[in-house]
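Contents: one structure, followed by commentary.
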Amino acid sequence: MDDNLRQNAVALGGDTVLRLDLFGLRIAEEQFMKQVVTAHARLTGGAKPLG
């Protein structure tokens, strides 16, 4: 419950939060890193990467 409340507070504050666990990163690294690159581009005003 505490994690949900904290995540909701962050989202309501307008922040971008990506969740990456070690297991997911190891088995789906490419997908997670595409999300990280996309978030970085959006937050810094860069173009969305292809793919």
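These numbers come from a predicted model, not from an experiment.
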Side-chain contact, heavy-atom cut-off 4.5 Å: Leu20 with Gln35?
no
Can you see which heavy atom on Leu18 is nearest to which on Val36, and at what distance?
CD1-CA, 3.8 Å
By salt bridge (charged side-chain N to carboxylate O under 4.0 Å, His left out), Asp2 pairs with (sequence neighbours left out) none
Could you go through the side-chain contact (heavy atoms from CB on, under 4.5 Å) check for Arg42 and Thr16 one step at a time?
CA-CA 10 Å; Arg42 287 184 185 173; Thr16 299; over 6 Å; no
Can any side-chain N or O of Asp15 pair as donor or acceptor with the backbone N or O of Ala11 at less than 3.5 Å?
no
